[in-house]
Every structure is written in structure tokens, then in C-alpha cells.
Trainee: 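Structure provided below as C-alpha cells; questions to follow.
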Amino acid sequence: EKPRSAHDEL
Amino acid sequence: MNIFRLLGDLSHLASILILLQKIQSTRSCRGISFKTQALYATVFITRYLDLFYDWVSLYNFVMKIFFIASSCYVLYLMKYKYRPTHDPSIDTFRVEYLLGPCAVLALLFHYRFTLPELLWSFSIFLESVAILPQLFMLQRTGEAETITTHYLAALGAYRALYIPNWIYRWFTEDMVDPIAVTAGIVQTALYLDFFYVYFTKVLQGQKFELPA
């Protein structure tokens, strides 16, 4: 499954 | 975290402080689109639901709280404290034309079919166009107070700075987020006209005025 890519951005 | 993202976030932070300063110092929200501000509050609330179940960092947490709180505070200022200074008759962009398509896009493009992920996608798409009621208003009135243009410039610079951040992350972390990147490029592109006038007029000490 795709990592929660830009979820660490604001 | 890299320098582009940090500068982008600081620019975002600065834009909100400039907006608050504009409202408090002129005791007026003239020239500010309530619709755009309401869309931003929607963006932050739908995107930052992960505050409740996902810990990224203290920095991330504090910024999210600040963005949600400040956007709600701006809505309060516009709706109650400085209500008479807001003229809805020039803030006429139809937000349903933005909300509907963004909801459809979120249903089509998302990373997982779960409510938080759908709302996250929706918030990304909505953020990219949330400035349109504000730019539409600017277009209608043809002019803006200088402090308002500084607010818009800082807000535009924020997403523009995220673009080198994504390029940097592509190379250093092998990370790519097609939804955020596509929406971010659209969002930045919407500011190009504004930036042109900002750089050629406001930063040269002239008033922000669009050609008639």
C-alpha cells in the first residue's frame, strides 16, 4: 500500500 | 524537514499574522473575502483531523493547532467584531462551484478509501482553489490596500516554496505525492497574475491597482 506520503506536511 | 518547507511554513504563518495585523490596525476587514477565509477554515479542519490519532512532531502539532485556531478567529472577527466593515455584495464568488468539483476530485483521487483520507484529498484540492473568491474580489474592485497585498504575497509564496521542497524530497527521500504536487502547482499558478502586479507595482512603492 502507498505510504502516507505528504501527510507529514502542513 | 528542509529549508524550502520551513520557509514555506514560515511564510504561511507570516501571511496569517499580516492578515490579523491588517484587520486589527485598520479595524476593518475591507478587501478581505469572507468566502476565501471560510474555505481556509474548512481546509484546515478537514485536513488536520489526524491531530486526534496521528503524531508527527511537536512542530507539526503546534502549527496545525495554530492554523485551525487562527482561521476560526479570523472568521469570528469578520462575522462579529468587524461585521459592518465587510461588504458581502462584492464577495460574490459562488463557492459551490469549488466545493462540488473538489468533492468529486477527492472521490476520484485519494490514497485510501477511508473518510479521513477522502477528507485529506478534498482539503488539498480545496486549498488549491480557496483563494479564488479573494482574487475574484480583487479583480472586481481593481485595487487593494498594500497590507492586503503583502498578505496575499506571503500566502502565495507558501505554496510556491513547497514546490522546491517536493523536488528536494523526490531526490533525498524518494518521496512523491502526486495529489499534493499537482494541486500545489495549480495553487501557485493561480497567483502568477497577482505576483506580476505585486512585483512590478507594490514592491516599487506604488499602490496595487489593476489596469482598468
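By convention in this document, chain letters (A, B, ...) are assigned in the order of the sequence lines, proteins followed by strands, and residues within each chain are numbered from 1.
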Trainee: For atom CZ of B:F136, is the number of surrounding heavy atoms from other residues, nucleotides or ligands below 6.0 Å larger than 12?
Mentor: yes

Trainee: Between B:N60 and A:D8 (side chain of the first, backbone of the second, donor and acceptor by atom type, cut-off under 3.5 Å), is there such a pair?
Mentor: yes

Trainee: How about B:D193: does its CG atom have over 12 heavy atoms from other parts shown lying under 6.0 Å from it?
Mentor: no

Trainee: Just give me the residue among B:F67, B:Y162, B:W166 that pairs up with chain A most often, heavy atom to heavy atom, under 4.5 Å.
Mentor: B:Y162

Trainee: Please report the interatomic distance CG(A:L10) to CZ(B:F44), rounded to the nearest 0.5 Å.
Mentor: 9.0 Å

Trainee: Quick check on B:Y97: does its OH atom have over 12 non-hydrogen neighbours (other residues, nucleotides or ligands) under 6.0 Å away?
Mentor: no

Trainee: If the threshold is 4.0 Å, N to carboxylate O, is there a salt bridge linking A:E9 and B:R47?
Mentor: no

Trainee: With chain A as the partner, which of B:K64, B:M175, B:M63, B:R5 has the greatest number of non-hydrogen pairs under 4.5 Å?
Mentor: B:R5

Trainee: Give a yes or no on this: more than 12 heavy atoms of other residues, nucleotides or ligands lie within 6.0 Å of atom CZ of B:F109.
Mentor: no

Trainee: Is chain A contacted by the side chain of B:F61, its backbone, both, or neither, given a heavy-atom distance below 4.5 Å?
Mentor: neither

Trainee: Atom CG of B:D50 and atom NE2 of A:H7: how far apart are they, to the nearest 0.5 Å?
Mentor: 7.0 Å

